[in-house]
Amino acid sequence: MSYDVIIGLEVHVQLQTVSKIFCGCSTAFNPDQPNVQTCPVCLGLPGALPVLNAEAFRLAVKTALALNCQIAGFTKWDRKQYFYPDLPKGYQISQYDLPFSHDGHVDVVTEADGGAVRRVRILRAHLEEDAGKNMHDESGRGRDSLVDLNRAGTPLVEIVTHPDLRSAEEARLFLQDLRLLLTDIGVSDCNMQEGSLRCDANVNLHVHQPDGSKVATPIVEVKNINSFRFTEQAILHEVERQWELYQKTKQTIKDAPKSTRGFDPARGVTYAMREKEEAADYRYFPDPDLVPVTVTDEQIATLRGELGELPAARRARYRDQYQLSAYDAGVIIDQGREYSRYFEVVAEGCGDGKQAANWLTQDVQRELNERGLTIATFPVPADVLADLLKRVTNKQLTIKAAREVFGALLEGEETATTARIEAIVAERGLAIVQDDGAIDAAIADVIARNPKPVADFKAGKQQAAGALIGQVMRAVKGADPQQVRERLIAKLSE
Amino acid sequence: MSSLLNLPAAELVTRLAAGDVTSAALTEECLAAISQRDSSVRAFLNVDVERSLAQARSIDARRAAGESIGILQGLPIAVKDLICEEGVSCTCASRMLENYISPYSAHVIERLRAAGAVLVGRANMDEFAMGSSGENSAFQVTANPWDLERTPGGSSSGSAAAVAGRLTPMSLGSDTGGSIRQPASLCGVVGLKPTYGRVSRYGLVAFASSLDQIGPFASDVHGAALLLEAMAGHDPRDSTSVDRPVPSYTNSLNEPLKGLRIGVAREHFAEGLDDEVAEVVRRALDVYRSLGAELIDIELPHSKYAVAVYYLIAPSEASSNLARYEGIHYGHRTEKAGSLADLYARSRGEAFGTEVKRRIMLGVYALSSGYYDQYYVKALKVRRLIRNDFDAAFAKVDVIAGPVTPSTAFKLGERTSDPMAMYLSDIYTIPANLAGIPGISIPAGLSPSGLPVGLQLQAAPFAEETLLRAARMFEAATDHHRLIPPMARS
Amino acid sequence: MSLTSEQVRKVASLARLELSDAELSDLGAKLGQTLDYVARLNELDTDGVEPLVHAIELSNVLRPDVLAPSLPRDRGLANAPRTDGKHFLVPAILEG
Ligand SMILES: [Mg+2]
Ligand SMILES: [Zn+2]
């Protein structure tokens, strides 16, 4: 017997607004100072009322458009009612039957170098408020739990996929693509450590029966997974567990309701969460404190226009336009839109996309990491790096010399300029000498003064050329070693 | 000494503005009246003597320095104890919020302070505004100044009784199903529920958010117009607050409406209405006729469903609005909680009164899975039919006139064991909340047994100016508003 | 009709209300009366009627994404029954 793995994800993404979804408190991640970003509205104090943040709605619509969703012309707000200490009003403002968007898809590249693509359909994406954070006593002594409401009211988009994913790896790739997409369009920083992107995975198996039919195992929702790796591990474990359980019990989806499990990263296993005394009854109803939002086709078109080129399209273009490998294109695009723009300026400016990609994925990346900078604060502007690399393409500088110039530019106090490149090259005599006459004269001189190596070379000892090249290079500072080698061998072979 | 408090609000404002009376003197009279009579009326839960006097003196000082005082000119006002004021307790007459101090002020409080109000104290009410007799207060039962054994009505019991008992010339109440108009009628004062969205709800502790509206009580129509003018208008902190200019209600108040068309609904005189109330209301209609108004028969065919609609929508919203009271972030917390689950259920079980529990339970039931469409959605649909009735009526008439409440003030204790009977006392006031339209109760005289009877006028959304002018026409012609309960006569 | 104590108990548990036995039986009867009364709505055919949530129907009320001052922590926690000066405290939440 074999089985298919069926996975659907619910992803919560915090939107990058300045203020919360229904009040003016900051959305900054601030776990060290609990309960300082709260006000009557997000504390749920008696009498306080919510007012929708326009930017939260705008970013939510952009998110949905990037997921190829349909945007509803009319959407409203509902209360989802449950009691939990991180939810001060006793209900979460969310969207129930008329979410602002529905029916989209994301195409996930599931193999290296642009192979198989898995289309993951998006059922819906809706906007809601985040809850606060409960912190539990880990000592096991049953001490009080602590509640911090700084996060309460942060805008969240909840993205619900169809059960279209077929493996733990696909689920991870989907999440990685989603993060790339959403950071790229600037709607979220998707920082999983800080909880800006959180994931619940619904997992079950379709077990193939001898008669060709398939039987579904009960659905398990693994809650609140906070890293890509953990998502993959949790699903792998869940698949294994369900398969063993099925073989033992033959229990199917008809025999057991959906259950909820947590994931313990330390042990790499999922565990049963305490079942509520009764099935959840959220008693959704329209929030009378908020009014509906309507969206026109014109507004949708404007926002769609603001999306620009999405990562998947950019990846394809980098392959076609700059002949980059999928890997190199991915490394650059993963760094975000500004980084990609930087790359494109360098690639266009130096006329060599591969060389630009090499520099960005190695030298620039290394410097950024070491200096704790972002591309926006990097002291070598794209056009300056382009100028430097163009000198390599034009054989004015060797790669080694270019690295030296790059290092010197970074030592400088000020933002690098092309004039600085010029000055460094001149000061250090790094320019490749293009004067063929001078090189030829030096070659003739070296041949005349070194009969032994010349004889050795002519006798077939190729490596004898090395010493001769070295002498020419010393004689003509800044000569291109490649050029010297070619001319010397030509001369010796005459 | 003849008390200033026996003067209609219109006259008090004139005297304050002219400097004939100081705010401090008037406030002192209020405080004296409260200390003399409130032990029997029990309208106030909390009076801050020092603070109100300080506010009054500061207004007087500003006036003396030639600064302009707002339109309230230093009038003392009582505030129903569910409108938040920074640094002041806000109990909602519930054990749940017995020790709650609001860290912020409601929009209307900011507006009233800016308009020169002196906020003397917090008025009693039915717990969380749920009730029609004031008897659901967790702390005390307010009496009707006309007969201390009778109810002042509710839920704004203290606000109505404070004005009727001439303890303050004005007060703030809130009206979700009649909680301003019904007690105004039973206490013989003016009480107005504005159009939904006319006055910001920011800082009003919610009972049923889609129905709640803050409104004024005053001894005369001018006072109500003045107080409404001071607090109406757009507030960006309330999404349901309507951004629409506020006319000066007081400027046009004394201009009679020519060719006023008054709708009279057959449904308002159907069974259930006490004869002595019907009689007073009919006489009031005659007054309008004599003033040249045209009386036109109209129909409100769905009004008989209003109480049923209300008792689904209001509890549903309330069950959700009151979920926040669980003893964690504020409010009463049980001493006997082992677990978190116990903490919720016991804190709420201990601190909520019976009527609040009934309504929460009803609301939870109506919203729970399997019943939502049958109850809640059905109610919202009939709500639209009720609104449509009014739209059709206001195509033909300027105002609708009728009774406020089926009977005069009933005895305290008489209906506490029969919630349905209590609910039905709001039968004429609930439709305006469901439809969002403004309504006013004005004194129409006394019943043969000597108890006040109110006349209700209702108008189209945002037609408060018409409503107030029509009310003032009647008042000017009758002087029922000058009737003062014996206990308050000095 | 009257709600059974089983039904009342279920609703009370959803509502997080601990009720005494007396309250349970009172509520069963009183809720039943109210439900009997509201059953009159079934006389009306409301097919095709749009539910009315807000009496005054507005749309697109939005605020700009700008910061407003938060409450100082001590004022936000001032009404809480139990705190450690930084957090709201609740009996241990058990998970797993
Ligand atoms: Mg959600
Ligand atoms: Zn806030």
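Chain naming here is simple, since letters A, B, ... match the order of the sequence lines and numbering starts at 1 in each. All of these numbers come straight from a predicted model, not from anything done at the bench.
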Trainee: Can you list the residues of residues 342-352 of chain B that sit under 4.5 Å from chain A, counting heavy atoms only?
Mentor: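 Residues of residues 342-352 of chain B touching chain A at under 4.5 Å: Y344(B), R348(B).
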Trainee: So do the side chains of R201(B) and D289(A) get within less than 4.5 Å of each other, counting heavy atoms only?
Mentor: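 The answer is yes; the side chains approach within 4.5 Å.
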Trainee: Measure the shortest side-chain to side-chain distance between R237(B) and L49(A) over non-hydrogen atoms and say whether it is less than 4.5 angstrom.
Mentor: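 With C-beta onward as the side chain, the pair stays apart.
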Trainee: Is the side chain of S239(B) donor-acceptor paired with the backbone N or O of P50(A) at a distance under 3.5 Å, no angle test?
Mentor: yes
Trainee: Any residues in residues 86-101 of chain B near chain A, with a heavy-atom distance under 4.5 Å, and which are they?
Mentor: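 At a heavy-atom separation under 4.5 Å, chain A is reached by L97(B), Y100(B).
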Trainee: Is it the backbone or the side chain of L204(B) that comes under 4.5 Å from a heavy atom of chain A, or both, or neither?
Mentor: backbone
Trainee: To the nearest 0.5 Å, what is the distance between CZ (R283(A)) and OG (S319(B))?
Mentor: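 OG of S319(B) is found 6.0 Å from CZ of R283(A).
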Trainee: Excluding sequence neighbours, so at least two apart, what forms salt bridge (charged side-chain N to carboxylate O under 4.0 Å, His left out) with K357(B)?
Mentor: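 K357(B): salt bridge (charged side-chain N to carboxylate O under 4.0 Å, His left out) contacts with E23(C).
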Trainee: Is Y284(A) close to chain B through its backbone or its side chain, or both, or neither, when contacts mean heavy atoms under 4.5 Å?
Mentor: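 For Y284(A), the contact with chain B is made by the backbone alone.
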Trainee: Is any side-chain heavy atom of V41(A) closer than 4.5 Å to a side-chain heavy atom of Y202(B)?
Mentor: yes
Trainee: Is there side-chain contact between Y282(A) and S369(B), with heavy atoms separated by less than 4.5 Å?
Mentor: no
Trainee: Side-chain contact test, heavy atoms from C-beta onward, threshold under 4.5 Å: evaluate it for Y91(A) versus R324(B) and give yes or no.
Mentor: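 Yes; the side chains approach each other to less than 4.5 Å.
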Trainee: By salt bridge (charged side-chain N to carboxylate O under 4.0 Å, His left out), which residues pair with R359(B), not counting sequence neighbours?
Mentor: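 Checked R359(B) against salt bridge (charged side-chain N to carboxylate O under 4.0 Å, His left out); matches are E355(B).
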Trainee: Could you measure the distance from the CZ atom of R79(A) to the OG atom of S209(B)? Nearest 0.5 Å is fine.
Mentor: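 Result: 5.0 Å between the selected atoms.
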Trainee: Looking at CD of Q81(A) and CG of L367(B), how far apart are the two atoms once the value is rounded to the nearest 0.5 Å?
Mentor: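 Spacing of CD (Q81(A)) from CG (L367(B)) equals 6.0 Å.
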Trainee: Establish, yes or no, whether a centroid distance under 6.0 Å links the rings of F285(A) and Y372(B).
Mentor: no
Trainee: Looking at chain B, which one of S145(A), A48(A), C23(A) has the largest number of heavy-atom pairs inside 4.5 Å, strictly under?
Mentor: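 The residue among S145(A), A48(A), C23(A) with the greatest pair count is A48(A).
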Trainee: Less than 4.5 Å apart, side chain to side chain, heavy atoms only: is that true for C39(A) and Y104(B)?
Mentor: no
Trainee: Where on L45(A) is there a heavy atom nearer than 4.5 Å to chain B: the side chain, the backbone, both, or neither?
Mentor: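 Both backbone and side chain.
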Trainee: Donor-acceptor check, side chain of H329(B) to backbone of P85(A), threshold 3.5 angstrom: yes or no?
Mentor: yes
